[in-house]
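Working notes, structure below.
Small disclaimer: the values here were computed from a predicted structure and weren't measured. Residues take their numbers from the sequence shown, with the count starting at 1. Keep in mind that the numbers below use all heavy atoms, side chains included, and drop hydrogens, waters and symmetry copies.
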Amino acid sequence: MAVEKKRGSWQLQSGQYLGEISALCFLHLPSSFSFPYLIAGSGSQIMVYDLEVGRMVRSFDVFQGIRVHGIVCCSSTDCAEGTLPSVVAFNIVVFGERRVKMFSMQVAMGQLVSVSLTLLQSLPKFANWVLDVSFLKGSVSGSNEEGDCLAIGCSDNSVQLWDVTTSTVVLEVQHPEKTLLYSMRLWGDNLQALRVASGTIYNEIIVWKVVPQYDASSLASQVEDHIDQSNLFPNCVQPHGCQYEASHMCKLSGHEGSIFRIAWSFDGSKLVSVSDDRSARVWEVSSETKPSEKLGEPIGLVLFGHNARVWDCCIFGSLIVTAGEDCTCRVWGLDGKHLQMIKEHTGRGIWRCLYDPKSSLLITAGFDSAIKVHQLHASLSWGLEGLAETKEIDRTIAYTTHIPTLSEHSGPMDSKSEYVRCLHFAREDTLYVSTNHGYLYHAKLLDNGEVEWTLLVRLSEEVPIVCMDLLSEPFELCCSVEDWVAVGDGKGNMTVIRVIRDACTPKLGFALTWSAGMERQLLGTHWCKSLGYGYIFSADPRGTLKLWRLSNHSAMSCNVSLVAEFTSSFGIRIMCLDASLDKEVLVCGDIRGNLVLFPLRKGVLQGTEVASNVKISPSNYFKGAHGISSVSSVSVGRLSSSQIEICSTGADGCICYLEYETDKKTLDFTGMKQVKELSLIQSVSTDNSSVSELSSCHCAAGFASVDFIIWNLMTETKVVRIPCGGWRRPHSYYLGDIPEIKNCFAYVKDEIIYIHRQWVLDSERRILSRNLHIQFHGREMHSICFVSEGFQPGVSGKHSLFSGSSWIATGCEDGTVRLTRYMPGVENWSASKLLGEHVGGSAVRSICSVSKISIVPLTNIPDTNGQNAAMENIEAPVLLISVGAKRVLTSWLLRSRKVDKKEEQHNITGKSNKVLLQESCSMSFQWLSTDMPAKYSSAHKFPENKEKKAGLAANVSSAEADGRSMSLSSENGKMELKSGIKDKYEDDWRYLAVTAFLVKCAGSRITVCFIVIACSDATLALRALVLPYRLWFDVAILFPLSSPVLALQHVILPTCLPSEENVQIGGLYILISGATDGSIAFWDLTRSIQAFMQLVSVLDVEKFIDCQKRPRTGRGSQGGRQWRSLGSSMSKNRLGAGSATVKSGEETDHNLLDRVMDGTSELLNDYESSRTASSQATDTASLDSEVNACDSSSDICEISPLYVFKNIHQSGVNSLHVSDVEGCQSPEIGFLYNLISGGDDQALSCLRFELSVSASDSEFENMTLDVRKSVTQLGNSKNFIHSSQDKNYWIRFLNHDIVPSAHSSAVKGVWTDGSWVFSTGLDQRVRCWRLEEEGKLIEHAYLIINVPEPEALDAKACGRNHYQIAVAGRGMQMLEFSEIQDVS
């Protein structure tokens, strides 16, 4: 762990870097080990992995601020054959930019493997970038051991020789064609055999070697004059006293772009190169020098297939591996045939690939920080389509068979031919097959590759079996299992067959047939595992489910009776179902993406209720959970005594999570995961350790195009791929406890049943971790914020900070928002969760966490219970707000669960980090709401009137109404709904910054999250999200602005000191903005917020339709498209008119300052019918003409700045942070604040100001705004500025300090707590500053970080005198700043 230059008793330490993987290298252990170790370079550190157990052994910092570009190793331990050394030593060379370091790495081979690293030599800084390093044999000492010399290839097309024993450069050879290189690769183990392949900036490869030269005056000789040539390599084959020169071998041309990587074959006869032109080329290289060769040599074999630039390649034997920017790794044969494509990374692509022929392991690593492990030969075998015979590959058996009656029919197939209708696995060796002629077969899969068929039953009439379902139950005899098979035929009859399976042959118990519907109306039969074999459902095309009870079971028969009919409100065919017996809920998914919930009373099931054949209506539903795509599976899990969790999968490639409150009958959408690699997800499987928690599912089975795929959701890797022709064919699959090594899949093609079975026994189990390093964002991050665990519900308040673990939310350029956990003391980030994506993958520019809540006492509301009662039991929701491109604003709500486990294990990294806590808390955010403009909307303002009413207006939009807006205005004491007007053009603005805070009405259950967002069109808007109804309102426009705002902060001045940590009585709301012109503005939001809260408190918000919402992502799934419009009848409701009037006429003069520009503006919003969910709506209606006749303008309150400080910075203000000063907190005396800002001018600014509430309301009318400055740098204004105000507070600006060159490049992130200031900039440094009493900044420590191009910084205080600092950019890194403990 790197430590900074420190001063005093504080120190700054660098923690783990989480970012791009830039180098890979194998450590080949003694032959007794099946798998090598892996060394990966990330940032300035290298990490050592044990591939067999799939965990990181240790990490080491090797550079400071320099990225590791390459790692080369050679073994330095010789041991006798058959003996196992206790310690294996390796010489490791790590290079990056112009630096090269040589280390000795010792691997202790005891029961607990330990790795240590010792620095041997740090080579002096080279004049050019180092592109490759190779170990050479031979030295001045006369030994012939490997590792005595280093050949170092540089970007000026030269090679330098470093003697390890003397620590000097003994030789430098420059190629005559001196040109800049993009890549270079060395081959050979001694100087005589050394070959150099140089990829030039002219898209050519120059191949050359080093040869002895007797003519000392040769121009090609670049040997330094001071080197004694008589002592160079006396034991090598070169003559004594010779010099060396570069000998040109050949020039390879053909690439049309920059050459990024070159790889030599093992024998040096072939070269593989990859380029900017999206191709790879294979070249034959002769060992003979051909000086006469010119341009126009034969072009090598071209490998086309990548869709973007190709970054890396390797060649071993007959395999070539390439990896590129399109996030694919492709395997090729030497003949150019494309063998396999692997796509498991995200973002900017795969940067490194590495193949080990001994273990057949392929390693890929990329920008997304993931290191993936693939066993290449097994996956290549699956790439052979249409296996015609039985093969056994790593316990994988491929069967081909057909039904016994197939031979009876010949000729072309038609609807009356015999063919397979349905397949269903019962277990790994049992398959049930039903046919078009009504046959039901039992197929036993034998280990020798044969299939044993048994005819169980044939339906009485020759009718096709159209549906089949199966339920397996343990039989009374321990050695047997009974299968309950339900089939439905084309005549509407259902047949239940009881089959007893033992070690020998299946035995038919009984077969019971009854009429379950009309002809061709029985389309589905469904068992429910929670109900057992006593109940079965049948489904018809019109959304009706019939529940049948099977009673009076005997060995040969049972009785059947109809219990209930469940009718869906959508009238669409039910595809899947699950039930919770103790919660009495039945959940169904239909073919059009809807989820329907029915009450499932125990009295109905048991027959104790009087009414027979009960018809049951839905208790709740969710329209369009999977858009218009079919729901393929649904499962129910218990969350608490009154909550169940519903997990559904669908043909839109999404997994949806919902929560159902059984008491309130409310259904909430809590989250969604889109598996982009699957176009249809059939089901998900959960880990056995957490069956009750559906969110822990770790494998998804489904289809992508023509392939059946099992996808690991934890490691984001494809574990099984079987070409089958797609999901429309009859198919079935069966997954064991570890789907990676226990899976079966069967499908029908051309009347043949293909069965693939991989079933590794527990005794032979040996599964490799497929993801060694945590998968993170695949692109640059622009924002970061801590989410304190102390705010989690169920966690014991303040003391939870002492655990030291932190959750960090990050927003990325690819539109993803992630939540990542950092554990101090553990050499890895412990987990990273993908919360979701912005609509359309639009970039996330800013993110903020909202946890503290302020109470607004309202004077117009009679307080029957007293405000003190209202203060009790306030649950402050913790929100995450993210904004970005295309003006997308997304809110997330914290959901926290306690997971009772003895140890928290198997996190996303694939290793088992054992946390010594009996109870760990799992933090996650659920998607709450998304607000974005309609397709043609704009945030621009249009001047209309010069006299502006300050009356409150709100732009109401339900998040699911596709951004279509409604407004809520107040005129003359009456409230009515208005609709906006459509703008005539489209824009592409983006949100640049956001800040938010929670406000609650005293005595009301309504909580409002006020959000201030800065847009790139130089507008600032105050929005409101009313909870729990998820209604969006436009509250105010902040005006005027001369340039776009890049940073926002807010200050809430409480009227009294808070009694709880997260609750305070809010009195004053101040916004601070920093713009691209270097100015900082202060805005007063108090009156707008108070007026809005007054209006919302009396508004009957419950009558607004809280439309059911889901994120608008997924293929073709927009959360349901057909909504009923919010008609004019809503606007006719009497919403308590007169009880809460906004006196706009009285407040006009006070709301706008004298400095307001000429003309004001009104916000004209798009009108597209606000579409919200309704209970029975399937059609779309337009608003009535009387709504169109309404006044189209929506009055949005305008707020002018209190004061604008110009030229705080000479250019853009990139970051702001404000903090109060401890010990200076009193509403009467005043609150002292420090505002820190950082800009493009490389400066840090500290502005200190004081806020205080007036002593009494009697001074209300005569109060003045006091703006004082003690430093002249604030501008050309006078020292005292008075502005007539009627506010009951004053603000005083005390002093201002600027550090002109705080960083050597633009400052991108700042943070302060009033005592310390942390800053980062593009100079790749984090600096710690002490904030003195007068606002002076004194630098205390700095550290060079691993994050290239830092974009954001956030920090958190962990206990006393200890801070965690997180920096994000191209990757993320944690630093710790703490006071050094006195040992004495």
Side-chain angles (χ1 to χ4, degrees), residues 306-308 323-330 341-350 364 366-370 372 374 593 625-633 647-657 671-685 695 697-721 726-727 739 770-771 774-779 811-818 832-844 884-885 888 890 908 927 930 1110-1119:
H306 286 278
N307 300 322
E325 193 179 25
D326 58 357
C327 295
T328 65
C329 180
R330 297 174 185 265
M341 182 188 75
I342 300 169
K343 187 173 183 180
E344 295 178 2
H345 291 265
T346 60
R348 291 208 179 274
I350 304 175
T364 57
F367 199 101
D368 59 357
S369 184
K372 309 274 187 177
H374 318 270
H626 291 273
I628 57 174
S629 304
S630 174
V631 183
S632 54
S633 75
C647 172
S648 66
T649 66
D652 59 347
C654 294
I655 306 169
C656 297
Y657 299 97
M672 181 178 73
K673 180 175 180 60
Q674 182 181 4
V675 185
K676 294 182 178 179
E677 290 74 13
L678 297 181
S679 57
L680 180 148
I681 302 178
Q682 289 277 28
S683 67
V684 291
S685 60
S695 58
C697 59
H698 72 283
C699 268
F703 292 86
S705 184
V706 297
D707 298 332
F708 172 75
I709 288 173
I710 300 177
W711 184 265
N712 191 315
L713 298 171
M714 305 291 285
T715 61
E716 294 294 332
T717 53
K718 186 189 302 178
V719 294
V720 173
R721 171 185 166 268
W727 60 271
R770 293 181 177 266
N771 195 3
I774 182 174
Q775 187 151 14
F776 197 49
H777 291 293
R779 291 183 179 269
C812 178
E813 181 128 337
D814 61 3
T816 59
V817 178
R818 296 191 78 97
S832 182
K833 303 177 181 180
L834 177 65
L835 297 183
E837 285 188 31
H838 272 208
V839 177
S842 53
V844 180
V888 175
T890 304
I908 294 184
W927 175 85
T930 297
R1110 56 156 279 171
R1112 295 194 297 168
T1113 55
R1115 287 170 290 273
S1117 55
Q1118 304 299 315

request  = Please list, chain by chain and in numerical order, all residues satisfying side-chain contact (heavy atoms from CB on, under 4.5 Å) with Ser683, sequence neighbours excluded.
outcome  = Ser633, Ala701, Tyr733
task = Check whether any side-chain N or O of Ser632 sits under 3.5 Å from a backbone N or O of Thr649 as a donor-acceptor pair, and report yes or no.
result = yes
Between [Y] and [X], is there a side-chain heavy-atom distance shorter than 4.5 Å?
X      : Y      : value
Glu344 : Gln775 : no
Ile342 : Lys718 : no
Arg770 : Asn712 : no

Heavy-atom closest pair, residues [X] and [Y]:
X      : Y      : result
Cys327 : Gly347 : SG-O, 3.3 Å
Arg818 : Ser832 : NE-OG, 2.9 Å
Ser679 : Ser705 : OG-N, 3.8 Å
Asp814 : His777 : OD1-ND1, 4.4 Å
Phe776 : Thr346 : O-OG1, 4.2 Å
Ser842 : Val888 : OG-CG2, 3.5 Å

Measuring from atom [atom1] of [X] to atom [atom2] of [Y], what distance do you get when rounded to the nearest 0.5 angstrom?
X      : Y      : atom1 : atom2 : value
Lys343 : Lys372 : NZ    : NZ    : 13.0 Å
Leu678 : Ile710 : CG    : CD1   : 10.5 Å
Ser648 : Ile655 : OG    : CD1   : 9.0 Å
Cys812 : His838 : SG    : NE2   : 11.0 Å
Thr816 : Asp368 : OG1   : CG    : 10.5 Å
Thr328 : His306 : OG1   : NE2   : 4.5 Å

request  = Could you check Thr930 against Val839 for side-chain contact (heavy atoms from CB on, under 4.5 Å), going step by step and ending with a plain yes or no?
outcome  = CA-CA 8 Å; Thr930 297; Val839 177; 3.9 Å; yes
request  = Starting from the C-alpha separation in whole Å, work towards a yes-or-no answer on side-chain contact (heavy atoms from CB on, under 4.5 Å) for Cys656 and His626.
outcome  = CA-CA 8 Å; Cys656 297; His626 291 273; 3.5 Å; yes
Reference residue Trp711; test side chain to side chain contact (heavy atoms under 4.5 Å, CB included); the match among Val719, Val675, Ile681 = Val675
request  = Go through the steps to decide whether Arg721 and Asp707 satisfy the test salt bridge (Lys or Arg N to Asp or Glu O under 4.0 Å), and finish with yes or no.
outcome  = CA-CA 6 Å; Arg721 171 185 166 268; Asp707 298 332; 3.0 Å; yes
request  = Name all residues meeting the side-chain hydrogen bond (donor to acceptor under 3.5 Å, both in side chains) criterion together with Arg348; count only those two or more places apart in sequence or in a different chain, and write none if there are none.
outcome  = Glu780
Evaluation steps, side-chain contact (heavy atoms from CB on, under 4.5 Å), between Glu677 and Ile709 = CA-CA 9 Å; Glu677 290 74 13; Ile709 288 173; 5.8 Å; no
